[in-house]
Amino acid sequence: MSEEKKTTKKENPNAKWYVLNIRTGYENSIQKELKQRVNATGTENEILEVLVPVQKKIVVKKGKQDVKEDRLFPGYVLIKMELNDRTWDIVRNTEGVRGFVKTDKYPRPLPESEVRAITKFMEVEQPSYQTSFSVGEAVKITEGAFADFIGSVQEIDTAKGKIKVLISFLGREAPVELEFAQVSKL
């Protein structure tokens, strides 16, 4: 049955991608609500897809690594639909939806190339690291050969999840490369 839905989705040549302005932080609940309303009204061939663009990020807090989904456009949701009075009412009357991103009176469709670029960006397999460290900040090394040393952040490599810390060792300043999970804020 899911294959049937996919083929019927592609058969609507009038469906275009639009951007909805919504309450920030409610992207997933509005996506769920819109899908329920589409099923309840039988408009699956007119409102085809509701997309919350996210990317996986590795977050390091208090020395622990965690993978979370980070919204690329907080406060916005993409929707693929055929714009008519019926679909307009369904979307506009969904709680939390502020409206379409538009010019003049009518919503402007998002170019297909932009939607492809967004979905391709979402599929990037290597998650990038997100950290709250900043260059020059004092940190404490929690693991490894230099555990309990205090130093200052010299360099941050978010692509690799590495941080370079300058420590005082044997009367000299020495740079030490560590993983985010091996240091904590003071």
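Throughout, numbering of the chain's residues begins at 1 and tracks the sequence. All values derive from a computational prediction rather than experimental measurement.
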Cluster overlap [X] with [Y], hydrophobic side-chain contacts below 4.5 Å:
| X | Y | result |
| --- | --- | --- |
| Leu166 | Ile141 | no |
| Val153 | Ile167 | yes |
| Val165 | Val135 | yes |
| Val54 | Val50 | yes |

Nearest non-hydrogen partners of [X] and [Y], listed with the distance:
| X | Y | answer |
| --- | --- | --- |
| Phe149 | Ser168 | CE2-O, 3.6 Å |
| Phe180 | Lys162 | CE2-O, 3.3 Å |
| Phe133 | Ser184 | CE2-C, 4.1 Å |
| Leu48 | Ala15 | CD1-CB, 3.4 Å |
| Gly136 | Ser152 | O-CB, 4.1 Å |
| Arg92 | Arg98 | NH1-O, 3.1 Å |

Criterion side chain to side chain contact (heavy atoms under 4.5 Å, CB included) on Gln55 and Glu69, from CA distance to verdict: CA-CA 5 Å; Gln55 185 181 41; Glu69 284 191 341; over 6 Å; no
Aromatic contact, Tyr76 with Phe73 (centres under 6.0 Å): no
Centroid-centroid distance, Phe146 to Phe169, less than 6.0 Å: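 Aromatic pair counts; centres sit under 6.0 Å.
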Between atom [atom1] of [X] and atom [atom2] of [Y], what is the distance when rounded to the nearest 0.5 Å?
| X | Y | atom1 | atom2 | value |
| --- | --- | --- | --- | --- |
| Met81 | Lys16 | CE | NZ | 12.5 Å |
| Leu78 | Trp17 | CG | CH2 | 6.0 Å |
| Tyr18 | Ile79 | OH | CD1 | 10.5 Å |
| Ile47 | Lys80 | CD1 | NZ | 13.5 Å |
| Leu51 | Ile118 | CG | CD1 | 8.0 Å |
| Glu27 | Arg71 | CD | CZ | 4.0 Å |

Side-chain contact, heavy-atom cut-off 4.5 Å: [X] with [Y]?
| X | Y | result |
| --- | --- | --- |
| Val183 | Ile163 | yes |
| Val97 | Val91 | yes |
| Ile30 | Leu20 | no |
| Arg37 | Asn93 | yes |
| Tyr106 | Phe100 | no |
| Trp88 | Pro107 | yes |
| Leu72 | Met122 | yes |
| Thr43 | Arg86 | yes |

Polar side-chain atom of Glu137 near backbone of Ser134 as donor-acceptor pair, under 3.5 Å: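 Checked: pair present.
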Thr142 side-chain N/O to Gln182 backbone N/O, donor-acceptor pair under 3.5 Å: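 Yes.
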Lys185 atom NZ, neighbour heavy-atom count above 12 within 6.0 Å: yes
Exercise: do Asn12 and Glu82 side chains pair donor with acceptor under 3.5 Å: yes
Partner residues of Leu170 under the side chain to side chain contact (heavy atoms under 4.5 Å, CB included) criterion, sequence neighbours left out: none
